[in-house]
Amino acid sequence: MSSNTEVAERLQRIADLLDLKAEKFKPEAYRRAARSILGLGEDLTAFRSRGQLDEIPGVGEAIRKKIEEYLTTGRIEYLERLTAEVPPGVVELMGLPGLGPKTAARLFGELGVSSPAELGDAIGTGGLNGLAGFGPRKIALLKEAVEGARAVSPARRPLREAWTIAERIRRALAERTEVRELEIAGSLRRRRETIGDIDLLATSTDPPATIGVFAALPEVRKVVMKGPTKCTVVVEPGVQVDLRVVAPGSFGAALQYFTGSKDHNIKLRTRARDLGLKINEYGVDRGEVRVGGRDETEVYAALGLPWIPPEIREDRGELEAAAAGELPDLIEAGQIRGTLHHHLPPGAEEAELALLAREGARQGAAYVGAVLGPGEAAHPGDLAGALRRAWAQLAVVPRPRLLIGLELSIEGASPGDASRSDFDYLVLRAGASAPRVGLRPPQEGPPRFVGHLALDPGGTATPAERATPWIRWASENRVALEVTPDGPTDGLDSNGIRALVEVGGEIVVSPGPDRGALGLAVGLARRGWATSRHVLNARDPPPPAPERSRPT
DNA sequence: GCCGTTTTCGGCCCGACTGTTTTCAGTCG
């Protein structure tokens, strides 16, 4: 049974309920533990059986006991006690925009309002009129919040979708002559698998003009808030976008601050305090003297640290690694030598090949990998030979090397396939379930990787938990797992990549079906602390065997 | 409730914006 998501949800509920009780620091402690658990690359039960629950960041004695209680009994008595004190709808009230724990507690305590629907009724009948602190404007906002709650849910979006939206806005702002620096910050810059809202950061010679242009972009559906340095809007697909305009001398500090993550920043600030420094979005100060802020490197240097890549700023050991001079040398897009998972449309193989050759040449790829499956050609070996001859005729300079892979169902792959001299590598197609016991891929021959893991998205397990059996299997069998920018919710996410890398496994980085998002896939690999050593397609394949006369 | 290259106790990021306010509380990120 998967338990990480279930435990995290319960800890978050405890945090919400403690919020209502106006507890000061406990809610954040429970939330931090919940975030930590969602970011694990392994099931909680594995941590418990090793006696390592305490080693999860943010989990101390009290939360550890509650996790153990849940894993043993399926209940957390503390949560049940808290739940009994408040109707469930009151927590829902806190979920409305602009309505926090203080207001929810007052509405319940003073008016008996215990759900968004009841709040709507109370507003309708004038029940809030005259209540201290509730003026006409605030009542109107609450009314809007109650009605808006039915319209859209603040769902997180896949990285690639959010990236496309953010890039469009960034390009529109970059055209303005008063805009100097402009960066996408937030979880998008960290390349998180899913994105809640989009953060943009700019410097400008005319900040009000920049804010004005931003608020008036054609895709803006609603301006939520607009001040002299900060503006929040909702753009067309229903995504919230924040723009902040800062002074040039603070750009690095602001970029660091608004890139997060929250846990990374809290730890960074604690370190600053211990060093007698103060750090905020304007800069790093020692007393009255500014000692950093122009760029991010300066900010980290002021704290005695090397610059830390955004993708790993999650407080998952990166600050300790940086302090010890042991940051990993993360894989970079420029180190990818070629891609390995291009399918050729039946009947148009040679045309597609020409396209791949030109694309590969433009990107400076050392090789391009086309994949044939038994279902896509009656005689894959013959087709491979024909494709190699066609490749040799292409007038593309410089022409990358053509590699041809054979895709097989993982169940059907036999040792004999590995010796098929027509192919440079094997792609194993996995089912949605875990690898069956005793499943052994060919052990010899060309490189092998499991093409895009399509994990069964059902249930409450995190992607990393669902991938756990595959991670173990892949590292034991020396088979790489593919990483694509489109797969993180039902395939290998960055937590899974990190778990794989930690046991010495390998990945193949692929751009996904439309071939346009290799950079995002590399970002995912970087989030998983992968270096070029862990990436199969950051290396060149062995040269063609001499007995196979291959025109390349 | 968690945490510690000066701490096992005393901290916990901190500033912008909004609405309702004569000086601030609540929310958000």
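To find a chain, count down the sequence lines: A is the first, B the second, and so on, and within it residues start at 1.
- Here, B:dG1 and B:dT5 have their C1' atoms 24 Å apart, quoted to the whole Å.
- One can place CD1 of A:Ile37 at 11 Å from P of B:dC2, the figure rounded to the nearest angstrom.
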A:Arg170/A:Leu182 under side-chain contact (heavy atoms from CB on, under 4.5 Å): CA gap, chis, key distance, verdict: CA-CA 7 Å; A:Arg170 193 192 63 76; A:Leu182 181 61; 3.7 Å; yes
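- Residue A:Leu268 is classed as having no contact, given no heavy-atom separation below 4.0 Å to the nucleic acid.
- A donor-acceptor pair shorter than 3.5 Å can be found between the side chains of A:Thr45 and A:Asp43.
- The same atom, C1', is picked in B:dC13 and in B:dC3; the two are 16 Å apart, to the nearest Å.
- In this structure, A:Pro57 reaches the sugar-phosphate backbone alone: every heavy-atom distance under 4.0 Å involves primed, P, OP1 or OP2 atoms, never a base.
- If you check every strand for non-hydrogen atoms under 4.0 Å, A:Arg269 touches a base.
- A donor-acceptor pair under 3.5 Å is absent between the side-chain atoms of A:Thr73 and the main chain of A:Tyr70, judged by distance alone.
- The closest donor-acceptor contact from the side chain of A:Ser250 to the backbone of A:Ala253 lies at 3.5 Å or more, if one exists at all.
- Spacing between B:dA16 and B:dT6 at atom C1', rounded to whole Å, works out to 35 Å.
- Taking every side-chain heavy atom of A:Asp199 into account, B:dG29 is the closest of B:dT20, B:dG1, B:dG29.
- Backbone-only engagement by A:Thr229 is indicated by non-hydrogen atom pairs under 4.0 Å involving sugar-phosphate atoms exclusively.
- No contact: A:Lys65 has no heavy atom under 4.0 Å from any strand.
- Not a single donor-acceptor pair, N or O on each side, falls under 3.5 Å between the base of B:dG1 and the side chain of A:Tyr78.
- Spacing between B:dT27 and B:dT20 at atom C1', rounded to whole Å, works out to 14 Å.
- A:Arg273 pairs by the side chain to side chain contact (heavy atoms under 4.5 Å, CB included) definition with A:Thr270, not counting sequence neighbours.
- Of all nucleotides present, only B:dG26 satisfies the Watson-Crick or G-U wobble test against B:dC17, with each distance under 3.5 Å.
- Side-chain nitrogen and oxygen atoms of A:Gln240 include none within less than 4.0 Å of the OP1 or OP2 phosphate oxygen of B:dC28.
- Position along DNA chain B of the nearest nucleotide to A:Gly100 versus A:Met225 favours A:Met225 as the more 5'-ward residue.
- With rounding to whole Å, A:Arg273 atom CZ is found 9 Å from B:dG11 atom P.
- Distance A:Met94 CE to B:dT27 P: 10 Å, rounded to the nearest Å.
- The interatomic distance linking A:Arg271 (CZ) with B:dT6 (P) rounds to 9 Å, in whole Å.
- Take the nearest nucleotide of DNA chain B for A:Arg32 and for A:Ile139: the residue whose nucleotide is more 5' is A:Arg32.
- The CD1 atom of A:Ile63 sits 12 Å away from the C1' atom of B:dC3 (whole-angstrom rounding).
- The distance from atom CG of A:Asn265 to atom P of B:dC12 is 16 Å, rounded to the nearest whole Å.
- Comparing B:dT27, B:dC17, B:dT7 against the side chain of A:Lys102 picks out B:dT27 as the nearest.
- The phosphate of B:dA25 (OP1 or OP2) has no side-chain N or O of A:Thr103 nearer than 4.0 angstrom.
- The structure places CZ of A:Phe134 at 7.5 Å from CD of A:Glu110, a figure rounded to the nearest 0.5 Å.
- Under 4.0 angstrom from either OP1 or OP2 of B:dC2 there lies no side-chain N or O belonging to A:Lys66.
- Using a 90° window around 0 for the glycosidic torsion, B:dT7 falls inside it and is classed as syn.
- For A:Glu28 and B:dC12, the CD to P distance is 14 Å, given to the nearest whole Å.
- In this structure, A:Tyr257 reaches the bases: a heavy-atom distance under 4.0 Å links it to at least one base atom across the strands shown.
- Among the atoms of the strands shown, base atoms are found under 4.0 Å from some heavy atom of A:Lys262.
- B:dC17 sits 36 Å from B:dT7 when the C1' atoms are compared, rounded to a whole Å.
- A:Glu23 comes within contact range of no nucleotide atom at all, as no heavy-atom separation falls under 4.0 Å.
- Among the protein residues, A:Leu141 comes within range of the sugar-phosphate backbone only, with heavy atoms under 4.0 Å from sugar or phosphate atoms but none that close to a base.
- Remark: C1' of B:dC12 and NZ of A:Lys267 are 13 Å apart, rounded to the nearest angstrom.
- Residue A:Ala62 places its side chain closer to B:dG1 than to any other of B:dG1, B:dG29, B:dA16.
- B:dT8 and B:dC14 are spaced 22 Å apart, taking the P atom of each and rounding to whole Å.
- By the 5.5 Å and 30° criteria, A:Phe25 is not stacked with the base of B:dC2.
- Looking at heavy-atom distances under 4.0 Å, A:Asn280 makes contact with sugar-phosphate atoms alone, never a base.
- In this structure the side chain of A:Ile497 never reaches within 4.5 angstrom of the side chain of A:Asn495, judged on heavy atoms.
- With A:Arg10 contributing its side chain and A:Glu6 its backbone, the two residues share a donor-acceptor pair below 3.5 Å.
- Backbone-only contact: A:Lys138 has heavy atoms under 4.0 Å from sugar-phosphate atoms and none from a base.
- Taking atom C1' in both B:dT23 and B:dT18, the straight-line distance is 15 Å, to the nearest Å.
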